[in-house]
J.: 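This structure is in structure tokens; I'll ask about it shortly.
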Amino acid sequence: MGDDLDPTILGPSCLRISKGKEMHGRLGSRLVKELASGEKGQLTHFNDELLNEVIKECSENFLALQSLIRKMQEEGLDFQTTRNADHYGALINHLSLIRNKRCLMAYVYNRAEMIQNLAWTVGLRLFELPEEIQEKLSHLEKDYFKRHSAALESYMSKVDLNLNVDMVPPKDPYIKVRVLDDLGEGIVVSDKAANFARHSMHFLKRTDAEPYISRGLMEELTG
Amino acid sequence: MNDTSSRNGKYFDIDEILIEEELVPVVFHKSANGVKVDPSAEKDCVDEGAKVELPFWLSQELYLRQAVSINVPACFNQKTRREIQADAANVDLRSRCPYFYEFGCKIAPIVGDRTIGKMLLSTFQMRYKDILTKAHTAAYAVASKFLAVLTKEETNLYEAAQSSMAAFKKWRIGGPRIQRASVLGRKRKPID
């Protein structure tokens with residue numbers, strides 16, 4: 001939030017704060033509650049509307065803060081040292097703004113972490129993510145996902161190592177899997193085309209099967 | 001302005017933010033203009049002597065500047081304490097405060113009530129065993145009723161107990177190494 005605005009350019013109308021039932025500074029926590037209410041580590045729909053409302057409230061706090069400081073300056077008071085009602089009003093507006101900012105940051109940051117996680121565990125391409133996940137991302141988040149994937153990919157090709165596979169070496173390079181979804185024909189694994197009809201079972205190279213398993217399209221059969 | 005939470009690296013922590021959203025009853029020693037804090041005030045200001053409930057993040061900062069004095073929040077009052085003494089395991093702490101322990105730790109030093117710390121410890125000691133036992137034994141139908149009275153911290157403990165047992169069983173019996181990515185959730189498309 002900028003602090004370089006000249007307070008003199010704002011008229012006295014800024015003293016008016018929009019009326020609302022709830023006190024300011026508490027809206028941001030609703031965004032954070034949304035993060036907490038879902039199942040752990042899982043995305044919810046990006047809440048554009050609430051995010052913008054919080055940003056709007058931040059601007060309101062900022063304007064109120066500025067006009068209070070301006071009022072003090074007009075009265076010839078030193079706003080650094082004066083401790084009057086205007087000072088405490090400005091302080092509360094400042095703290096509310098900082099609080100909402102923290103909530104906004106936490107919302108975006110925690111979601112970004114989950115999105116990175118998607119690239120590592122599900123797939124590096126956006127189309128590889130299930131549709132219900134794609135819907136939940138905002139435009140900027142999709143962009144973030146693509147760029148993170150691209151960075152990861154270029155690093156992996158540089159070190160010539162596939163980093164998003166299982167870290168524990170398999171006992172057997174081949175595993176038995178069952179197909180859980182109708183994947184149809186036309187999928188080529190290890191240069192062989194196979195018909196992955198639903199419920200069909202296959203004997204696949206572990207590394208070929210892994211991406212399908214982590215996307216929930218196949219399951220490993222043991223025993 | 002100092003932000004204590006950014007210093008200990010919990011700036012983005014969801015729980016940390018929500019703990020500080022808990023309400024604290026305060027009394028204003030100064031008046032403040034241009035704020036929507038006091039719901040009973042007609043104008044956008046708060047008067048000296050006003051009694052208001054403010055979230056912890058605001059109360060703490062105002063307290064440090066001697067603008068307010070802080071009273072003990074209702075969740076740590078004598079009534080709750082008596083209930084805890086009578087039957088700690090069955091007190092619905094969640095509805096009183098979802099972060100009963102963490103919030104208690106934050107509020108104790110600023111309300112100057114030395115008994116809070118002791119009360120938190122003894123409450124946790126009395127409930128701890130019950131939580132761990134139920135994590136392993138309670139049937140699903142009973143568990144959801146039991147879970148409803150646990151605080152967030154206790155729920156984490158309950159889940160940790162269950163997942164460590166599940167991990168132990170998996171280690172003993174074995175099973176598939178790779179599974180559906182947890183970010184996708186447990187929901188599966190119905191098999192038709």
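So you know, we letter chains A, B, ... as the sequences are listed, proteins then strands, and number each from 1. Values below: all heavy atoms of this structure, side chains included; hydrogens, waters and symmetry mates excluded.
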J.: So how far is it from A:His87 NE2 to B:Arg65 CZ, rounded to the nearest 0.5 Å?
T.: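 Result: 7.0 Å between the selected atoms.
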J.: For B:Glu21, run the side chain to side chain donor-acceptor pair (under 3.5 Å) check against A:Lys33, A:Arg30, A:Arg99 and tell me which one passes.
T.: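 Of the listed residues A:Lys33, A:Arg30, A:Arg99, the side chain to side chain donor-acceptor pair (under 3.5 Å) partner of B:Glu21 is A:Arg99.
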J.: May I ask you to name which of A:Gly25, A:Cys103, A:Ala209 has the most heavy-atom pairs under 4.5 Å with chain B?
T.: A:Gly25
J.: Are A:Met23 and B:Pro55 side-chain neighbours, meaning at least one heavy-atom pair lies under 4.5 Å?
T.: yes
J.: Just by modelled atom types, is the B:Tyr11 backbone N or O under 3.5 Å from a matching donor or acceptor in the A:Arg102 side chain?
T.: yes
J.: Flag the one option from A:Pro130, A:Ser29, A:Ser214 with the top tally of heavy-atom pairs under 4.5 Å to chain B.
T.: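 Highest number of pairs under 4.5 Å: A:Ser214.
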J.: Taking side chain as everything from C-beta outward and backbone as N, CA, C, O, which of these in B:Glu159 sits under 4.5 Å from a heavy atom of chain A? Side chain, backbone, both or neither.
T.: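 For B:Glu159, side-chain heavy atoms alone lie under 4.5 Å from chain A.
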J.: More than 12 foreign heavy atoms under 6.0 Å from CZ of A:Arg147: is that the case here?
T.: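 Not buried by this count: 12 neighbours or fewer within 6.0 Å.
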J.: Rounded at 0.5 Å granularity, tell me how far CG in A:Leu91 sits from CG in B:Leu58.
T.: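 CG of B:Leu58 is found 8.0 Å from CG of A:Leu91.
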J.: Would the distance check show the side chain of A:Asn93 and the main-chain N or O of B:Val35 forming a donor-acceptor pair, the cut-off being under 3.5 Å?
T.: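 No: the side chain of A:Asn93 does not pair with the backbone of B:Val35.
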J.: What closest approach, in Å, do B:Ala32 and A:Gly89 show between heavy atoms, and which atom pair accounts for it?
T.: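 Of all heavy-atom pairs spanning B:Ala32 and A:Gly89, the closest is CB-N, 3.6 Å.
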J.: Under a 4.5 Å cut-off applied to non-hydrogen side-chain atoms, are B:Trp57 and A:Ser96 in contact?
T.: yes
J.: Measure the CD1-NZ distance between A:Ile92 and B:Lys30 for me, rounded to the nearest 0.5 Å.
T.: 12.5 Å
J.: Look at B:Leu54, B:Asp15, B:Val52, B:Leu62 and state which one has the largest set of heavy-atom pairs under 4.5 Å with chain A.
T.: B:Leu62
J.: Heavy-atom cut-off 4.5 Å, strictly under: side chain, backbone, both or neither for B:Ile173 against chain A?
T.: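 No part of B:Ile173 comes within 4.5 Å of chain A.
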J.: Rounded to the nearest 0.5 Å, what's the gap from OH on A:Tyr107 to CD1 on B:Ile17? Could you check?
T.: 13.0 Å
J.: Determine whether A:Arg26 and B:Leu23 make a side-chain contact, defined as any pair of heavy atoms from C-beta on separated by less than 4.5 Å.
T.: yes
J.: Among A:Met218, A:Glu210, A:Glu113, which has the most heavy-atom pairs under 4.5 Å with chain B?
T.: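 Top option by heavy-atom pairs under 4.5 Å: A:Glu210.
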J.: Would a distance-only check, ignoring hydrogens and angles, find a side-chain to backbone donor-acceptor pair under 3.5 Å from A:Asn110 to B:Phe12?
T.: yes
J.: Atom CG of B:Asn33 and atom OH of A:Tyr88: how far apart are they, to the nearest 0.5 Å?
T.: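 So the CG of B:Asn33 and the OH of A:Tyr88 are separated by 12.5 Å.
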J.: Would you find more than 12 non-hydrogen atoms of other residues, nucleotides or ligands less than 6.0 Å from A:Met156 atom CE?
T.: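 Yes, the 6.0 Å shell around CE holds more than 12 heavy atoms from other groups.
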